Amino acid sequence: MGRARQHAEARQGERRRRLAHEAARLMAESGIRDYQQAKRKAASRLGIHDEASQPRNQEIDEALREYQRIFLGPAQADAVRIRREAAGRAMEFFASFQPRLVGPVLDGTADARSPVSLHLHADDPEAVPRFLDEHDIPAQPRGRRVRLDRDRDLATTAWVFEAEELVFELTVLPVDVLRQAPLSPLDERPMARASLVQLRGLLAGGLPGP
């Protein structure tokens, strides 16, 4: 019985590994940003549907970093650097909204498809689109749901525009969210985020992120 259990656990572990790596490949090659979507597509492609074989988001994230290191190398590192530098300029421009850099550009998994994702803070939901209009920046609204904590979700708006041949996403959050970061879709813990001062420190120190 013990050997049979070990064999079953080994097979399950191998399926988890295959799913994690296929999901990571899909994220890297297709620009998928949602872990659950990548997981579902990977399961469909590999024909692995049992719940016990589903990898955690962290496992997919680790596989994604490995894929980028092996197959993208310096090109991926350049994509991160370019976007971090652009994020710094954007954060200076949007300084009145106490911007925070979040997502793949901050954590170091950004690639040539990745937008620069910023959280802007304002209690007036019209303040950001008004600011964009005042500066003649055409932006498209997209509905966004943010998990503030384990009990509260917030329906808000992300404003998307292009500049410097990059895509920027500005998610508008209330000012009090500055006290505690929203939950990360990766592990449901407070997400990593960086102020302009912290971003400048990252740029001065090289590529590694949170």
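When a residue number appears, it is its place in the shown sequence, counting from 1. Keep in mind it's a predicted model, so treat the numbers as computed, not measured.
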Problem - All ring pair (Phe, Tyr, Trp, His ring centres under 6.0 Å) counterparts of Tyr35, not counting sequence neighbours - result: none
Handout entry: Flag side-chain contact, heavy atom, 4.5 Å: His119 against Met191
Key = yes
Problem - Close side-chain approach of Val116 to Leu101, heavy-atom, < 4.5 Å - result: yes
Problem - Interatomic distance, Asp61 atom CG to Asp107 atom CG [nearest 0.5 angstrom] - result: 6.5 Å
Practice task
Find the distance between CZ (Arg83) and CG (Asp111) and round it off to the nearest 0.5 Å.
Solution key: 7.0 Å
List for me each residue that meets side chain to side chain contact (heavy atoms under 4.5 Å, CB included) alongside [X], sequence neighbours excluded, and say none if there are none.
X      : answer
Leu183 : Arg147, Arg150, Pro190
Pro125 : none
Asp34  : Gln36, Gln37
Ala139 : Leu132, Trp159, Phe161

Exercise for the section: Please list, chain by chain and in numerical order, all residues satisfying salt bridge (charged side-chain N to carboxylate O under 4.0 Å, His left out) with Arg17, sequence neighbours excluded. Expected result: Glu14
Handout entry: For Arg40, salt bridge (charged side-chain N to carboxylate O under 4.0 Å, His left out) partners two or more places apart
Key = none
Handout entry: Electrostatic pair Arg56:Asp187 at N-O distance under 4.0 angstrom
Key = no
Exercise for the section: Could you tell me whether Glu22 and Arg18 make a salt bridge, using a distance below 4.0 angstrom between a side-chain N and a carboxylate O? Expected result: no
Exercise for the section: Provide the full list of salt bridge (Lys or Arg N to Asp or Glu O under 4.0 Å) pairs with a residue in residues 89-100, sequence neighbours left out, each pair given once. Expected result: Arg89-Glu164, Glu92-Arg200
Problem - Heavy-atom pair of closest approach, residues Ala86 and Leu166 - result: CB-CD1, 3.5 Å
Exercise for the section: Could you work out the complete set of other residues in the hydrophobic cluster of Ile48, with links drawn between I, L, V, M, F, W and Y side chains under 4.5 Å apart? Expected result: Leu19, Leu46
Practice task
List, by chain and then residue number, the residues other than Ile70 in its hydrophobic cluster (Ile/Leu/Val/Met/Phe/Trp/Tyr, side-chain heavy atoms under 4.5 Å); write none if there are no others.
Solution key: Tyr67, Phe71
Exercise for the section: Verify side-chain contact (heavy atoms from CB on, under 4.5 Å) between Arg145 and Leu154, making sure each step is shown before the conclusion. Expected result: CA-CA 6 Å; Arg145 186 165 292 276; Leu154 174 68; over 6 Å; no
Exercise for the section: Taking Gln98 for its side chain and Leu120 for its backbone only, find out whether a donor-acceptor pair lies under 3.5 Å. Expected result: no
Using residues 167-180 as the side-chain source, report each donor-acceptor pair under 3.5 Å to any protein atom, sequence neighbours left out, with the distance given to one decimal.
residue : atom : partner : partner atom : Å
Glu169  : OE1  : Arg33   : NH1          : 3.4
Glu169  : OE1  : Arg33   : NH2          : 3.4
Glu169  : OE2  : Arg33   : NH1          : 3.0

Exercise for the section: Look at the rings of Phe131 and Phe94 and say which category their plane angle falls in: under 30° parallel, 30 to 60° tilted, over 60° perpendicular. Expected result: tilted
Practice task
Only pairs at least two apart or in different chains count here, so list each side chain to side chain donor-acceptor pair (under 3.5 Å) that has a residue in residues 128-143.
Solution key: Asp124-Arg130
